[in-house]
Participant: 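Questions regarding the structure given below will be posed in turn.
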Number of protein chains: 2
Amino acid sequence: MFDPLCPSDLMPIRIGDKWAGMIIRCLERGPRRFSELRIPLRGITAKALTTSLRALERDGLIIRPAYAEPVRRVEYELSQLGRSLLQPMAVMCTWAQEHWDELLDAREASSPLGRTEQAGQARGQ
Amino acid sequence: MFDPLCPSDLMPIRIGDKWAGMIIRCLERGPRRFSELRIPLRGITAKALTTSLRALERDGLIIRPAYAEPVRRVEYELSQLGRSLLQPMAVMCTWAQEHWDELLDAREASSPLGRTEQAGQARGQ
DNA sequence: GTAGCTGGTATCCGATCGGTAACCACGTGC
DNA sequence: GCACGTGGTTACCGATCGGATACCAGCTAC
């Protein structure tokens with residue numbers, strides 16, 4: 001789902017820490033379990049996921065109902081507050097999509113190599 | 001202009017690095033010189049300001065026309081791209097203003113000090 | 001010459017970030 | 001008993017961030 005080349009790393013806009021934005025997007029379609037989250041996040045370590053989830057929970061953006069079932073079962077889902085973030089996030093995504101090329105252009109132009117680095121990058125040129 | 005208590009530090013949404021968002025807001029009203037920027041940014045160090053400005057410049061969000069005057073004179077201003085960020089930023093600010101209280105509430109409730117919540121999740125709903 | 005302003009750069013250093021690996025409690029299945 | 005899966009926690013460790021400090025070049029003013 002999120003590949004390591006995902007623009008999010010390079011984006012000048014970020015939600016929370018490194019993973020928070022992706023986690024929120026993962027939860028957009030409904031509650032997810034701890035181990036379910038680890039899959040789309042491409043082998044995020046348990047520690048990183050826990051850290052991000054705890055931060056989001058602390059900020060009230062997600063809630064963590066723990067079911068009292070025989071087997072341990074925890075689901076994370078967006079709270080009302082978390083859900084309210086989706087609209088601003090969408091705005092940012094729109095901006096990103098519209099201006100991504102300009103951003104890449106600018107970076108390329110100011111890269112120390114200055115070369116046209118034709119290493120397979122067939123973007124808009 | 002930006003006091004150290006400014007919410008921006010605690011915000012779950014960030015533009016660029018620590019200072020980038022504030023710099024953009026400083027440039028919103030027109031070009032500013034290096035030393036002019038240092039004032040509203042409350043004693044940001046020259047290094048930090050340079051770093052942020054270079055990053056913004058690299059991303060094409062600001063431009064840096066250097067005037068060939070006898071005295072050294074450099075002004076920074078938002079590029080078209082940078083200006084296009086203002087609208088998404090406004091959306092985020094609106095979100096922040098609307099939900100800031102909820103966020104603080106959540107943090108307070110989950111702070112180690114917040115012992116008032118010993119009755120489970122029954123805080124002020 | 002020397003001080004001061006401008007717009008920086010270079011160096012050091014402590015704090016934080018983020019990843020790896022090991023471990024843990026609890027319940028299941030064999 | 002033992003391994004296995006779930007949902008983590010802990011210790012460690014290198015990389016990076018960000019602040020403090022010192023320094024620099026170019027120009028002006030005295």
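Residue numbering restarts at 1 for every chain, and letters A, B, ... go by the order of the sequence lines. In this text the structure is predicted, and so the values were computed from the model without any measurement. Keep in mind that the numbers below use all heavy atoms, side chains included, and drop hydrogens, waters and symmetry copies.
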Participant: Let me know the distance between CD1 of A/Ile39 and P of D/dG7, rounded to the nearest Å.
Facilitator: 11 Å

Participant: Dump the pairs, protein N or O against N or O of nucleotides 18-21 of chain C, anything under 3.5 Å, distances to one decimal.
Facilitator:
{"unit_1": "C/dG19", "atom_1": "OP1", "unit_2": "A/Lys18", "atom_2": "NZ", "d": "2.4"}
{"unit_1": "C/dG19", "atom_1": "OP2", "unit_2": "A/Trp19", "atom_2": "NE1", "d": "3.4"}
{"unit_1": "C/dG19", "atom_1": "N7", "unit_2": "A/Lys47", "atom_2": "NZ", "d": "3.2"}
{"unit_1": "C/dG19", "atom_1": "O6", "unit_2": "A/Lys47", "atom_2": "NZ", "d": "2.0"}

Participant: What residue pairs, at least two apart or across chains, pass ring-ring contact (aromatic ring centres under 6.0 Å, His included) with a residue in residues 12-71 of chain A?
Facilitator: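 Qualifying pairs, neighbours excluded: none.
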
Participant: Hydrophobic clustering (ILVMFWY, side-chain heavy atoms < 4.5 Å, transitive) - are A/Met11 and A/Leu41 grouped together?
Facilitator: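 Linked, A/Leu41 and A/Met11 end up in one cluster.
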
Participant: Determine the minimum heavy-atom distance between B/Ile13 and B/Trp95, stating which atoms define it.
Facilitator: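 For B/Ile13 and B/Trp95, the tightest heavy-atom pair comes out as CD1-CE3, 4.3 Å.
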
Participant: Fill in the dot-bracket string of DNA chain C, one character per base: . for unpaired, | for a pair to another strand, ( ) or [ ] for pairs within the strand, taking Watson-Crick or G-U pairs under 3.5 Å.
Facilitator: ||||||||||||||||||||||||||||||

Participant: Is the distance from OP1 or OP2 of C/dG7 to the nearest side-chain N or O of B/Tyr67 less than 4.0 Å?
Facilitator: no

Participant: When rounded to the nearest 0.5 angstrom, what distance separates CG in B/Leu56 from CD1 in B/Ile24?
Facilitator: 5.5 Å

Participant: Heavy atoms only: give me the nearest B/Arg83-B/Leu78 pair and the separation to one decimal.
Facilitator: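 Closest approach of B/Arg83 to B/Leu78: NH2-O, 3.4 Å.
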
Participant: Is B/Pro65 close to B/Glu77 at the side-chain level, that is, under 4.5 Å between some pair of heavy atoms?
Facilitator: yes

Participant: Please, which pairs that meet side chain to side chain donor-acceptor pair (under 3.5 Å) have at least one residue in residues 30-39 of chain B, sequence neighbours excluded?
Facilitator: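 Listed once each, the pairs would be none.
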
Participant: Got a sec: does the CD of A/Gln87 have more than 12 other heavy atoms crowding it under 6.0 Å?
Facilitator: no

Participant: Could you report the tightest heavy-atom contact between B/Glu98 and B/Glu102, atom names first, then the distance?
Facilitator: O-OE2, 4.0 Å

Participant: Could you run down nucleotides 23-30 of chain C 5' to 3' and tag each one B, S or - for protein heavy-atom contact under 4.0 Å?
Facilitator: --B-SS--

Participant: Please report, rounded to the nearest Å, how far the P atom of C/dG7 is from the CG atom of B/Leu49.
Facilitator: 10 Å

Participant: If hydrophobic clusters are built by linking Ile, Leu, Val, Met, Phe, Trp and Tyr wherever their side-chain heavy atoms come under 4.5 Å apart, do B/Val91 and B/Leu61 end up in the same one?
Facilitator: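 In one cluster: no.
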
Participant: Quick one: closest heavy-atom pair of A/Ala20 and A/Ser52, and the distance?
Facilitator: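 Minimum heavy-atom separation between A/Ala20 and A/Ser52: N-OG, 4.2 Å.
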
Participant: Could you check how far CZ of B/Phe34 sits from C1' of D/dC24, rounded to whole Å?
Facilitator: 14 Å

Participant: Within the pair B/Thr50 and C/dG8, is there a side-chain N or O less than 4.0 Å away from OP1 or OP2?
Facilitator: no

Participant: Output yes when at least one side-chain N/O atom of B/Arg33 is less than 4.0 Å from OP1 or OP2 of C/dG7, else no.
Facilitator: yes

Participant: May I have the distance from B/Leu41 (atom CG) to D/dG19 (atom C1'), rounded to whole angstrom?
Facilitator: 15 Å

Participant: If I take atom CD1 in residue B/Ile23 and atom P in nucleotide D/dG18, what distance separates them, rounded to the nearest angstrom?
Facilitator: 11 Å

Participant: Counting only heavy atoms not in B/Gln80, do more than 12 sit closer than 6.0 Å to its CD atom?
Facilitator: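 Counting neighbours around CD of B/Gln80, 12 or fewer heavy atoms of other residues, nucleotides or ligands fall under 6.0 Å, so no.
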
Participant: At their closest point, which heavy atom of A/Ile23 faces which heavy atom of A/Leu49, and how far apart are they?
Facilitator: CD1-CD1, 3.7 Å

Participant: Residues of residues 53-66 of chain B with any non-hydrogen atom less than 4.0 angstrom from an atom of DNA chain C: list those, numerically ordered, please.
Facilitator: B/Arg54, B/Arg64

Participant: So which atom in B/Ser79 and which in B/Gly82 form the shortest heavy-atom distance, rounded to 0.1 Å?
Facilitator: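 Of all heavy-atom pairs spanning B/Ser79 and B/Gly82, the closest is OG-N, 3.0 Å.
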
Participant: C/dG7 P sits how many Å from B/Arg32 CZ, rounded?
Facilitator: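 The answer, rounded to whole Å, is 14 Å.
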
